Novice: 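Sending over a structure as C-alpha cells; questions will come in a sec.
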Amino acid sequence: MLLTLIPYIAKPTSLTKKFPLPTSLKKNFPPPPLLLKMAGVYSSLPPGLKLNDAFPDWLNKADNAWQLTAAAMVGLQSVPGLVILYGSMVKKKWAVNSAFMALYAFAMVLVCWVLWAHHLSFGSNIHFVVGRPNFAVTQHYLLARYGRVYFPNTDLVFYQFAFAAITIILLGGSLLGRMNFYAWMLFVPMWLTFSYTVGAYTIWGGGFLYKMGIIDFSGGYVIHLSSGIAGFTAAYWVRPRHSQDRQHFPPNNIIHMLGGAGFLWMGWSGFNGGSPYAAGLSTSLAILNTHICTATSLFVWLGLDMIFYRKSSVIGVVQGMITGLVCITPAAGIVETWAAVLMGALSGSVPWYTMMVLHKKSAFFQKVADTLGVFHTHAVAGFLGGLLSGFLAKPELLELFYGNQNYGPGLLYGILTGHIPHGHRQMGYQIIGAAFITAWNVIATSFICIVISRIVNLRMDEEDLEIGDDAVHGEEAYALWGDGERHPPP
C-alpha cells in the first residue's frame, strides 16, 4: 500500500496526474515529516519497484507472471503434449497424420482467436449466446487492464486461446485414422467460430448461463463436455475407420504415449490453476485438488482393470488419469480436498463402466468409431464433474472464487445448512447448462460437417486408409535405415 502512495508524495509523474489520489486517502495521510522520509525511501528503491508507464499501479507482477506461466503450461499440454500422445497412441501408419492434426489445430486456432473468436467469446454483448466479433491485436486493447483483475488483456487472450486450442485438439481424438486432412483444415476454424465461442460466452463471457449462476471453474462444460459431444457427433458424420483398424489398433510407442500423458497431467496445474486469474488461495487449492483427484481416478481405473481383466493396462491408466483431470476441472477451486478424492473415485469408475462395459454392449456406440474414446473420457467425465460441482460446492469457496455473486451452495451444503431449495436450484442450473452445451454441439457440429462434405470428402479414400501416412502426407513416422525408403540405394 505504501509503495502505491509514495509516488504521489515524491516528484509527480504523468501516471500520478492521470490517476489522482482519492480524497479519502488524502485525509488519512501521515504527518509531513514522515511523508518526506517515505519519499526518500521511494527515491532509493530499485527501478523495478517504481511505478511508470510500463508498470502501472493496477498491474500485479506476481499475478501477471503466474497467468502467463499458466497459459504457457496449458499450451504445452497441446504442443508438444497431445502431439506426442496422439502420435504414439495410434497405429504406426497414422502417427504422422494424428500428430499433424493436433499441431495444425493449435496454429489455426491462434490466428482465428486474435482475429475474431476472442471477442466472440469474451467481447461486448451482442446476443445472449455470443459476443460481438472484433480484432484482439491492437495495443489499445491488449495492454489495457482486464476487468477488475491485475493483469492486461494480453494475458487473457493468450490463456483463453490455449483453452480453445486444446478443446479442438481433444475433439480431434475422436477422428484420428480416417478424417480427410483437408476437411480437418476447414473444420477447425468453423467449429471454433460456431460452436466453441458459444459455449465459452454463455458460461464465462456473460451469456445467459453465466447470469443464471452455473458453476464451471475451469471448463468441465466449456471444454470437455463440448469436445466429447462434438467429437462423437463428428465421428458419426465422418463414418467409421477402416475395418482392419477397428479390429486391431495398437499404440505404436507406449513410452512416448506416457511422455505425452505426463505433459497433459503436469500442464493441468496451469489449466485449473490459472482460472482464478490471480496467484491466490483459490489457485493453491485448485492445483492440489487437481492432482489428488487425478491420482485417485488413476488408481480406481487400474484396480477395475486388474479385477475384471486380470491385467494392469498402461493404456487404461492413461484413460483413468484423463478422466480424473476432466472430472475435477469444473470444481477444482470450489470443493474441499476430501471431495476431490470422492470425485476421483467416481471419475475412475463411471467412465470406466461406460467405456469398458456399456460401449461394448451398445449397438449405437459400436456404430460410431470414436478412435480414442473421447466421448467417455471427456463428455462423460465432464458431465459427471459438472453435476458433482453442483452437489459438492462449498459456499465459502464459491465466495472466494466468484465473489458475492449468486452461486450455490452445492446441494450437500444446502442440506447441511437448511438451504435445500438453493442446492436444488444449483443442481438444476448444472443440468440446464449440460443440456444446452450438448444440444448446441450436436446441432452446430452436424451443420459444419454437412457443409464441409459439400466441399470435400470428410473421410479419406479407402486406398489411403489402407496405406496411412505415406499416402496422405508422403511421410512416415519411423524412417530407419532400410525402413521407409522408397528408392533404396543399390
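Worth saying up front: this structure is predicted, and the values here are computed from it rather than measured.
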Novice: Less than 6.0 Å separating the ring centroids of F375 and F383?
Specialist: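 No; F383 has its ring centre 6.0 Å or more from that of F375.
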Novice: Would the distance check show the side chain of E476 and the main-chain N or O of G468 forming a donor-acceptor pair, the cut-off being under 3.5 Å?
Specialist: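 Here the side-chain-to-backbone pair does not exist.
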Novice: Considering residues, nucleotides and ligands other than F299, do more than 12 of their heavy atoms fall under 6.0 Å from its CZ?
Specialist: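 Open: at most 12 neighbouring heavy atoms sit under 6.0 Å from CZ of F299.
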Novice: Flag the pair S349 / L304 as yes when at least one side-chain heavy-atom distance between them is below 4.5 Å, and no otherwise.
Specialist: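 Contact flag for S349/L304 side chains = yes.
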Novice: Take T154 and Y146 through the test side chain to side chain contact (heavy atoms under 4.5 Å, CB included) and record every step on the way to the result.
Specialist: CA-CA 9 Å; T154 313; Y146 171 63; over 6 Å; no
Novice: Check the surroundings of atom CH2 in W66: do more than 12 heavy atoms from other residues, nucleotides or ligands lie under 6.0 Å from it?
Specialist: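 Atom CH2 in W66 is packed in, count exceeds 12.
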Novice: Answer yes or no: is there a donor N or O on one side and an acceptor on the other, between the side chain of S226 and the main chain of I223, under 3.5 Å?
Specialist: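 Judged by distance alone, yes, a pair lies under 3.5 Å.
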Novice: Of all heavy-atom pairs between H256 and I84, which one has the smallest distance, and what is that distance?
Specialist: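 Heavy-atom minimum between the residues: O-CG2, 3.2 Å.
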Novice: Which donor-acceptor pairs under 3.5 Å do side chains of residues 269-279 form with protein atoms, sequence neighbours excluded?
Specialist:
| residue | atom | partner | partner atom | Å |
| --- | --- | --- | --- | --- |
| S269 | OG | M266 | O | 3.3 |
| S269 | OG | H291 | NE2 | 2.8 |
| N272 | OD1 | S218 | OG | 3.3 |
| N272 | ND2 | T290 | OG1 | 2.8 |
| S275 | OG | Y159 | OH | 3.4 |
| S275 | OG | F217 | O | 3.4 |
| S275 | OG | S218 | OG | 2.6 |
| Y277 | OH | Q160 | NE2 | 2.9 |

Novice: Quick check for you: to the nearest 0.5 Å, what is the distance between L400 atom CG and Y402 atom OH?
Specialist: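 With rounding to 0.5 Å, CG (L400) is 12.0 Å from OH (Y402).
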Novice: Are V442 and F232 side-chain neighbours, meaning at least one heavy-atom pair lies under 4.5 Å?
Specialist: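 The answer is no; the side chains never approach within 4.5 Å.
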Novice: Quick one, V472 and W94 - any side-chain contact, counting heavy atoms below 4.5 Å?
Specialist: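 With C-beta onward as the side chain, the pair touches.
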Novice: If only side-chain N and O atoms count, and only distance matters, is there a donor-acceptor pair under 3.5 Å linking W352 with D305?
Specialist: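 Yes, side-chain donor-acceptor contact under 3.5 Å.
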Novice: Quick one, W268 and L264 - any side-chain contact, counting heavy atoms below 4.5 Å?
Specialist: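 Yes, close enough: below the 4.5 Å cut-off.
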Novice: Is the number of heavy atoms from other residues, nucleotides or ligands within 6.0 Å of OH (Y309) greater than 12?
Specialist: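 More than 12 within 6.0 Å, yes.
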Novice: Mind checking the CG-CD1 spacing from L258 to I315? Nearest 0.5 Å is all I need.
Specialist: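 Taking CG in L258 and CD1 in I315, the distance rounds to 9.5 Å.
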Novice: With no hydrogens and no angle check, just 3.5 Å: does a side-chain donor-acceptor pair link S121 and W204?
Specialist: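 Distance-only check fails for S121 and W204.
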Novice: Which pair of heavy atoms, one from T323 and one from A381, lies closest together, and at what distance?
Specialist: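 That would be O-CB, 3.8 Å.
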Novice: Would you sort out whether N97 and L176 count as a side chain to side chain contact (heavy atoms under 4.5 Å, CB included), showing the intermediate values?
Specialist: CA-CA 8 Å; N97 179 258; L176 302 181; 5.6 Å; no
Novice: Take atom NE2 of H359 as the centre, draw a 6.0 Å sphere, and report whether it contains more than 12 heavy atoms from other residues, nucleotides or ligands.
Specialist: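 Above 12, so yes.
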Novice: Could you tell me whether the side chain of S446 and the main chain of I443 form a donor-acceptor pair under 3.5 Å?
Specialist: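 A pair under 3.5 Å: no.
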Novice: How long is the span from the CE atom in M179 to the OG1 atom in T371, to the nearest 0.5 Å?
Specialist: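 It comes to 11.5 Å.
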Novice: Measure the acute angle between the ring planes of Y141 and H119, then classify it against the limits of 30° and 60° as parallel, tilted or perpendicular.
Specialist: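 Ring orientation of Y141 relative to H119: tilted.
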Novice: Please determine whether side chain to side chain contact (heavy atoms under 4.5 Å, CB included) holds for the pair R459 and N180, giving the CA-CA distance in whole Å, both sets of side-chain angles, and the decisive distance to 0.1 Å.
Specialist: CA-CA 5 Å; R459 190 170 180 261; N180 185 347; over 6 Å; no
Novice: Tell me whether R241 contacts the main-chain N or O of A369 through its side chain, where contact means a donor paired with an acceptor under 3.5 Å.
Specialist: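 Checking the backbone N and O of A369 against the side chain of R241, no donor-acceptor pair under 3.5 Å is found.
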Novice: For H224, is there any backbone N or O sitting under 3.5 Å from a side-chain donor or acceptor partner on S227?
Specialist: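 It does hold such a pair.
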Novice: So among Y210, F436, Y221, which one has a side chain to side chain contact (heavy atoms under 4.5 Å, CB included) with T202?
Specialist: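 Answer to the side chain to side chain contact (heavy atoms under 4.5 Å, CB included) test with T202 among Y210, F436, Y221: F436.
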Novice: Give the minimum heavy-atom separation between G213 and Y429, together with the two atoms involved.
Specialist: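 Reported closest heavy-atom pair: O-CD1, 3.9 Å.
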Novice: Given H473, which partner from the list Y104, F100, Y182 fulfils the ring-ring contact (aromatic ring centres under 6.0 Å, His included) test?
Specialist: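 Option passing the ring-ring contact (aromatic ring centres under 6.0 Å, His included) with H473: F100.
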Novice: Do you know the tightest heavy-atom contact between I328 and M343?
Specialist: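 That closest heavy-atom pairing would be CD1-SD, 3.8 Å.
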Novice: Out of curiosity, T294 OG1 to N289 CG, how far, rounded to the nearest 0.5 Å?
Specialist: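 One finds 10.0 Å between OG1 of T294 and CG of N289.
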Novice: Taking the side chain as every heavy atom from C-beta outward, state whether E462 and L465 have any pair of such atoms under 4.5 Å apart.
Specialist: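 Yes, their side chains come closer than 4.5 Å.
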Novice: I want to check something: taking the side chain as every heavy atom from C-beta on, are W113 and L192 in contact at a cut-off of under 4.5 Å?
Specialist: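 Touching, per the 4.5 Å side-chain cut-off.
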Novice: Please determine whether ring-ring contact (aromatic ring centres under 6.0 Å, His included) holds for the pair F187 and F181, giving the CA-CA distance in whole Å, both sets of side-chain angles, and the decisive distance to 0.1 Å.
Specialist: CA-CA 10 Å; F187 181 89; F181 190 79; over 10 Å; no
Novice: Step by step, work out the side chain to side chain contact (heavy atoms under 4.5 Å, CB included) result for I229 and I437.
Specialist: CA-CA 9 Å; I229 295 298; I437 293 296; over 6 Å; no
Novice: Is the backbone of C293 close enough, under 3.5 Å, to the side chain of S297 for a donor and an acceptor to pair up by distance?
Specialist: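 Looks like no, no N/O pair under 3.5 Å.
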Novice: Closer than 3.5 angstrom, by distance alone: can the side chain of T296 be matched with the main-chain N or O of A345 as a donor-acceptor pair?
Specialist: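 A pair under 3.5 Å: no.
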Novice: If you look at every heavy atom in P330 and I215, which pair is closest and at what distance?
Specialist: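 Nearest heavy atoms, P330 then I215: O-CG2, 3.8 Å.
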Novice: Any idea which heavy atoms bring V74 and A162 closest together, and the distance?
Specialist: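 V74 and A162 have their closest heavy atoms at CG1-CB, 3.6 Å.
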Novice: Show your working on ring-ring contact (aromatic ring centres under 6.0 Å, His included) between F364 and Y236 and close with a plain yes or no.
Specialist: CA-CA 10 Å; F364 177 69; Y236 170 82; 7.2 Å; no
Novice: Answer yes or no: is there a side-chain heavy-atom contact under 4.5 Å between Q430 and I214?
Specialist: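 Sidechains of I214 and Q430: in contact.
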Novice: At what distance, to the nearest 0.5 angstrom, does CD1 of I254 lie from OG of S88?
Specialist: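 Nearest 0.5 Å value for the CD1-OG distance: 9.0 Å.
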Novice: Using atom types as modelled and distance alone, determine if a side-chain donor or acceptor of K93 lies under 3.5 Å from a backbone N or O of E466.
Specialist: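 Yes, the answer is positive, given that a donor and an acceptor are paired below the 3.5 Å cut-off.
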Novice: Roughly how far, to the nearest 0.5 Å, is CD1 of I448 from CH2 of W237?
Specialist: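 Those atoms lie 12.5 Å apart.
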Novice: With side chain to side chain contact (heavy atoms under 4.5 Å, CB included) as the test, pick out the partner of L171 among I169, T167, L175.
Specialist: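 In the set I169, T167, L175, the residue that makes a side chain to side chain contact (heavy atoms under 4.5 Å, CB included) with L171 is L175.
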Novice: Is a side-chain N or O of D216 found less than 3.5 angstrom from the main chain of V222, in a donor-acceptor match?
Specialist: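 Yes: the side chain of D216 pairs with the backbone of V222.
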Novice: Quick check: does any side chain N or O of Q67 sit under 3.5 Å from a backbone N or O of L156, one acting as donor and the other as acceptor?
Specialist: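 No, the answer is negative, given that no donor and acceptor are paired below the 3.5 Å cut-off.
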Novice: Does the side chain of I168 come within less than 4.5 Å of W184's, by heavy atoms?
Specialist: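 Of all side-chain heavy-atom pairs linking I168 with W184, at least one is under 4.5 Å.
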Novice: If you apply the rule ring-ring contact (aromatic ring centres under 6.0 Å, His included), what do you find for H376 with W301, and how did you get there?
Specialist: CA-CA 13 Å; H376 305 284; W301 193 295; 9.1 Å; no
